[in-house]
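Remember, it's 1-based here, ligands and their atoms both numbered in the order they're listed. The shown structure was predicted, so the numbers you read here are calculated from the model rather than taken from an experiment. Here, residue 1 is the first one in the sequence, and each next residue gets the next number. Basis for what follows: all heavy atoms, side chains included, without hydrogens, waters or symmetry-related copies.
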Amino acid sequence: MLYEDIEKVLISEDEIGQKVRELGRAISEDYAGENLVLVSVLRGAVLFIADLIRVISIPLTIDFMAISSYGPSTETSGVVKVIKDLEENIVGKHVLIVEDIIDTGLTLNYLIKNLKSREPASLDVCVLLDKSARRIVYNLPIKYKGFDIPDVFVVGYGLDYQQKYRNLPFVGILKRFVYEMG
Ligand code: IMP
Ligand code: MG
């Protein structure tokens, strides 16, 4: 069982649900009457965006990007390559990037630079988890944040370890032996 690899549940399914509803309400108010596009990065943020859009009460569109980062798999280098680009034009639109987690901030920093050059009306970020202890890039336009988390590696609710554990309904910390097995 997947659950047996989890040391501790950091954020429960209920806590996530409650927070997502709060974020949805705030976004619905702030972007009322605007042309809103939610942009998400595959694959980790898929669960978050799927739940989030169902609690946003204003019209919106969604679009996806896929990026790959070079360098060792556990650390982000910030050197990323777009594997799948947006399908829609975002010129003059209000773009909100929906991300699962911000760690060093390098990935998001790249994404913001990339999207800003396409001249959206506004560009902001909605992130579920903020691991700010490891931040390298500051001044990211984080408009909405779910939870601050400590410097621990988490899985579940879209987040993976070697592509596993994304389907856990909560955010949890893995048992040590899972890493030690590699
Ligand atoms: P950053 O560029 O260092 O901010 O890295 C962001 C990306 O690293 C996220 O989108 C995740 O894919 C991955 N990541 C960072 N921390 C974790 C974690 O604790 N669990 C799972 N993935 C993580
Ligand atoms: Mg991600």
Side-chain angles (χ1 to χ4, degrees), residues 2-13 15-16 19-20 23 38-53 62-86 95-116 123-182:
L2 217 47
Y3 286 56
E4 288 164 8
D5 292 353
I6 302 300
E7 179 76 46
K8 187 184 158 199
V9 174
L10 197 64
I11 308 167
S12 72
E13 193 173 358
E15 288 172 313
I16 294 170
K19 187 66 77 177
V20 170
L23 293 171
L38 299 190
V39 169
S40 211
V41 183
L42 298 172
R43 284 165 267 183
V46 164
L47 277 73
F48 182 35
I49 193 172
D51 285 344
L52 186 63
I53 59 174
I62 58 172
D63 209 340
F64 295 91
M65 285 181 87
I67 55 185
S68 81
S69 58
Y70 297 104
S73 57
T74 50
E75 298 286 329
T76 325
S77 61
V79 184
V80 298
K81 183 175 141 192
V82 175
I83 295 174
K84 181 213 172 295
D85 207 346
L86 298 179
V95 175
L96 187 61
I97 300 173
V98 177
E99 256 289 35
D100 48 0
I101 188 166
I102 306 177
D103 188 13
T104 62
L106 288 167
T107 308
L108 193 59
N109 190 47
Y110 170 84
L111 200 64
I112 286 164
K113 279 192 188 143
N114 181 306
L115 295 180
K116 222 173 220 169
L123 180 62
D124 287 282
V125 178
C126 174
V127 66
L128 184 68
L129 307 174
D130 185 1
K131 206 194 275 185
S132 59
R134 282 168 44 90
R135 193 64 37 82
I136 290 173
V137 183
Y138 300 93
N139 302 322
L140 295 168
I142 304 173
K143 191 171 180 182
Y144 308 96
K145 185 202 288 191
F147 303 91
D148 284 296
I149 63 164
D151 187 7
V152 288
F153 192 83
V154 290
V155 294
Y157 199 66
L159 292 154
D160 73 299
Y161 173 65
Q162 295 185 347
Q163 298 305 328
K164 257 175 86 179
Y165 307 102
R166 293 192 195 275
N167 55 320
L168 288 170
F170 53 79
V171 173
I173 300 169
L174 274 182
K175 286 183 180 164
R176 275 185 73 102
F177 82 88
V178 179
Y179 302 101
E180 282 162 5
M181 288 190 317

Worksheet item: Above 12 or not: heavy atoms from other molecules or residues under 6.0 Å from NZ of K116?
Response: no
Worksheet, complete the sentence: Nearest heavy-atom approach of L115 to M65 is CD2-SD, 4.0 Å
Discussion item. If you define the side chain from C-beta out and look only at heavy atoms, does anything of D51 sit under 4.5 Å from Y157?
Written reply: yes
Worksheet item: Judged by non-hydrogen atoms, does I149 sit under 4.0 Å from ligand 1?
Response: no
Fill in: Mode of L108 contact toward ligand 1 - side chain, backbone, both, neither (heavy atoms, under 4.0 Å)
neither
Practice prompt. Using the side chain to side chain contact (heavy atoms under 4.5 Å, CB included) rule, take F147 and L128 through it: C-alpha gap first, then chi angles, then the decisive distance, then the call.
Written response: CA-CA 6 Å; F147 303 91; L128 184 68; 4.2 Å; yes
Practice prompt. Can you sort out which atoms of ligand 1 are near G105, meaning under 4.0 Å from one of its heavy atoms?
Written response: 1 (P), 3 (O), 4 (O)
Response to the item:
Note: heavy atom closest to atom 18 (C) of ligand 1, options Y110, Y165, F153, belongs to F153
Worksheet item: With atoms numbered from 1 as shown, which atoms in ligand 1 lie under 4.0 angstrom from a non-hydrogen atom of L159?
Response: 21 (C), 22 (N)
Worksheet entry | Interatomic distance, D100 atom CG to L129 atom CG [nearest 0.5 angstrom] | 7.0 Å
Worksheet item: Where do I49 and S40 come nearest, in terms of heavy atoms and distance?
Response: CD1-CB, 3.6 Å
Worksheet item: Taking non-hydrogen atoms only, is V41 closer than 4.0 angstrom to ligand 1 via side chain, backbone, both or neither?
Response: neither
Worksheet entry | ligand 1-proximal atoms of R134, by part, heavy-atom distance under 4.0 Å | neither
Item to complete: Assess V154 for proximity to ligand 1: is some non-hydrogen atom of it under 4.0 Å away?
Response: yes
Worksheet item: What atoms of ligand 1 come within less than 4.0 Å of a heavy atom belonging to V152?
Response: 19 (O)
Worksheet item: side-chain contact (heavy atoms from CB on, under 4.5 Å) with V125: which of V95, L96, I112?
Response: I112
Discussion item. Measuring only between side-chain heavy atoms, which start at C-beta, is F170 closer than 4.5 Å to I6?
Written reply: yes
Worksheet entry | Location of contacts on T107 toward ligand 1, heavy atoms closer than 4.0 Å | both
Worksheet item: Which ligand 1 atoms does D160 reach within 4.0 Å, using its non-hydrogen atoms?
Response: 21 (C)
Discussion item. Under a 4.0 angstrom heavy-atom cut-off, which atoms of ligand 1 come close to D100?
Written reply: 10 (O)
